[in-house]
Amino acid sequence: MSSRPEKNPLPTGRAIIEMDGIRKVYDTGKVKVEALKGVDLRIEKGEFVAIVGPSGSGKSTLMNLLGCLDTPSGGDYFIGGEKVAGLTRDALAEVRNRRVGFVFQAFNLLPQISAFENVEMPLVFGGVPPKVRRAKAAELLGKVGLGDRMDHKPTELSGGQMQRVAIARALAMDPDIVLADEPTGNLDTTSGTDIMGVFLDLWKQGSTLVVITHDMVLARRASRIVEIRDGRIVSDRAAEQAA
Amino acid sequence: MLRDALLQLHRDLKSQKLRTLLTVFGLVWGTVAVTLLLAFGTGLKKQLIKTTAGLGDRICISWPGLTSIPYQGLGKGRRIRITDEDLQSVRPRVDGLKRMSSEYSDGWKMVYNLRTFPVDVSGVSPEFGDMRNLIPVPGGRFLNDLDMRDQRRVVFLGNKVAEDVFGKGTDPVGKTVLFNGSPFLVIGVLTAKQQDSSYNSRDSDLSWIPGTTFRALTGRKYLSNFVYQPASALESKAVTESLRSALSRRLKFDPEDKEAFSVWDVTEQFQFFEVFMLAFTLFLGIVGSLTLVVGGIGVSNIMNVVVDERTKEIGIKMALGAKSGAILRQFLVETLIVTAIGGLAGFAISLGICAVFPASLEEYVGRPEVSPVVAGITVGILGIIGLLAGWFPARSAARLDPVVAMKM
Ligand SMILES: Nc1ncnc2c1ncn2[C@@H]1O[C@H](COP(=O)(O)OP(=O)(O)O)[C@@H](O)[C@H]1O
Ligand SMILES: [Mg+2]
């Protein structure tokens, strides 16, 4: 799929992800929680970044900001060279649709429709014509090894299979970057390793990936490990050098 | 996309069976109420127009009377007598007068086949037929200008008279009857009509001959009454005033004297009736609409529950790039479909009721009719209710925060 011409060519000298001094404060009325306290992060095309850190350290918050699901309280953020700050809700929705593919811990597939229709969903929102979108959905499900399960509902699939559907869905719009928040968190070890293998294959084929994980064994297979503690990046290194 | 919407709707409604049932019932009931009420209103109006038109098409009927005000040395209580020539001479001076005819009436004996029948006869001019909606049965005709000019011995029979004299099944046209020994050719028979009011006798019991013939036969000079029709029903007052003043000058009575000749303005009744029907229809429409509004609130309620239940789905769709417009549309379309289902069912029931409406009641309340106007109004009301009912739940869905929504 990386053989396709790039839809949004990256300006020379720019990284896919450029974050400068990103802060996020959750204001729940009584208490204010500063979940991110100034994060600088640059991710180049073709990287496979593992984000690790203890629970509550701000990993998911960072992921939501990276994926434009949420807006930062401060700092600058460019995705694919495009400034995100100040975009409207609908403009953010479009950025998510075109540039980002999400994989969640809880799969987040729509339960009443088939695997095929789930994969088709982002293409529907992207305004892709039905013919093209059906071909694309079928191609991607084949690619994640579910060519024979396309008409199954998510409830008729195993956890590992559901996550494969979710990965196919994340790839539907040929995003600049795929973001996965603990994609193996709800899976047993075997399926977890299996899914990590799918991500590795994608990386080898040229995708840019950011994966949050608790599992250091899995993290070590990435090209780069970013460690977060208490809302700050405390370490950022190539995976080979990981302890 | 519509297929998706229908499938989704099916799922949503299945999870809310009782609530959906009650709400759709409310919409059906509201639609039936609005359409039937309006349909009965339409039918009743047509029926009333039909029966009042039996007397005439927005006409005024006038009788000469006694003066009630002394005028130029002439005392009050003087009988005003009007000739056809009087009418003809003032006619050009009255603006907005469309038709006018004098009417000479008397009770005569008609003889046919050696049998004698008492008949009320009126001598009138051809315009009289148009004003009083005297429509001939096919094959016959009403009086014409030649009958008038040549004082022809021709007669136009009321349908009841024709039946009494000739019996059922015989066509009287072309037959000859005798009035006071004088032969008259029957030229037409009145088409039976509904008539809720009359003066003298009902039209079915009357016979009409040319006014000139009547005068020549009887030597009568003064008319019994006359009938006129303003060009527009709204001008009837002005026309009557103008006619009164023209006649007062010619016949020497006070133009303010309302009793010198009295006027029955049928259009007055008609105007009142128009206002009454408007108010009546408005009232029925409002009652029905309120019922529909209650149904609409129910739909809105259901859609709120549906949005609540589907918060997570909405969050996921937003994460995948659905814009707020797409979410908004989804819920609006669903609401409109629910409303449309209720509306269509209601329409079907109303049409069914109109179709099986007993003909025996038609004479009293008319035939209820779901006219295009009624249908249009109902569709409009349903559409507005559907949009309003859908708007608020749909908007709250479109405003959800994707991160929060996905955690549901
Ligand atoms: N929606 C929210 N409202 C308030 N506080 C939140 C919200 N989401 C996360 N937090 C807080 O922000 C901090 C970081 O959370 P999170 O990013 O989910 O951590 P992680 O994914 O690393 O476990 C935590 O203290 C958490 O309680
Ligand atoms: Mg988390």
Side-chain angles (χ1 to χ4, degrees), chain A residues 24 26 28 35 60-71 87-114 117-128 130 133 153-154 166 168-173 175 179 181, chain B residues 1-17 20 302-303 305-334 337-338 391-408:
Chain A
K24 178 68 186 179
Y26 289 113
T28 55
S60 294
T61 303
L62 176 61
M63 184 67 95
N64 291 340
L65 290 177
L66 283 172
C68 297
L69 274 173
D70 210 346
T71 46
L87 289 186
T88 61
R89 274 176 73 99
D90 280 356
L92 285 174
E94 208 172 314
V95 170
R96 288 196 293 273
N97 185 251
R98 279 188 299 118
R99 296 187 180 277
V100 185
F102 288 102
V103 179
F104 301 97
Q105 177 175 356
F107 318 124
N108 283 357
L109 298 174
L110 298 188
Q112 306 104 329
I113 57 177
S114 67
E117 290 169 312
N118 265 286
V119 176
E120 228 187 338
M121 190 76 67
L123 297 157
V124 172
F125 298 134
V128 176
R133 121 185 146 209
K153 297 266 168 71
R169 183 179 68 181
L171 297 172
M173 287 294 285
L179 305 175
D181 192 344
Chain B
M1 256 347 249
L2 185 68
R3 195 184 127 260
D4 294 350
L6 285 173
L7 282 175
Q8 187 63 57
L9 179 74
H10 179 67
R11 282 195 296 268
D12 290 347
L13 300 187
K14 225 168 47 184
S15 67
Q16 293 285 328
K17 273 197 195 103
T20 302
I302 287 191
M303 292 317 289
V305 174
V306 167
V307 167
D308 263 7
E309 281 177 346
R310 285 167 57 194
T311 302
K312 188 180 173 75
E313 173 195 324
I314 296 164
I316 294 170
K317 285 184 170 172
M318 285 177 161
L320 299 179
K323 293 185 183 169
S324 35
I327 305 287
L328 198 74
R329 213 171 313 127
Q330 176 188 343
F331 286 97
L332 268 186
V333 167
E334 275 190 31
I337 292 175
V338 174
W391 174 254
F392 296 99
R395 195 184 53 172
S396 68
R399 283 182 176 174
L400 285 171
D401 175 353
V403 178
V404 177
M406 262 192 300
K407 282 192 190 136
M408 293 294 159

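None of these values were measured; they are calculated from a predicted model. Letters go in sequence order (proteins before strands), and every chain restarts at 1.
Here the shortest heavy-atom pairing between B:M406 and A:F104 reads SD-CZ, 3.6 Å. Here the closest heavy-atom approach between residue B:A322 and residue A:A93 is recorded as O-CB, 3.7 Å.
For B:A405, no part sits under 4.5 Å from any heavy atom of chain A, backbone or side chain.
With rounding to the nearest 0.5 angstrom, the CZ atom of A:R89 is 4.5 Å from the CE atom of B:M318. How far OG1 of A:T88 is from NZ of B:K323: 8.5 Å, rounded to the nearest 0.5 Å.
Looking at residues two or more places apart in sequence or on another chain, you find no ring-ring contact (aromatic ring centres under 6.0 Å, His included) involving A:F107.
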Walk me through whether B:K312 and A:N108 qualify under side-chain contact (heavy atoms from CB on, under 4.5 Å). CA-CA 8 Å; B:K312 188 180 173 75; A:N108 283 357; 3.1 Å; yes

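Heavy-atom pairs under 4.5 Å with chain A were tallied for B:A319, B:P402, B:S324; the largest tally goes to B:A319.
Within residues 64-71 of chain A, the residues having any heavy atom closer than 4.5 Å to a heavy atom of chain B are A:N64, A:L69, A:D70, listed by residue number.
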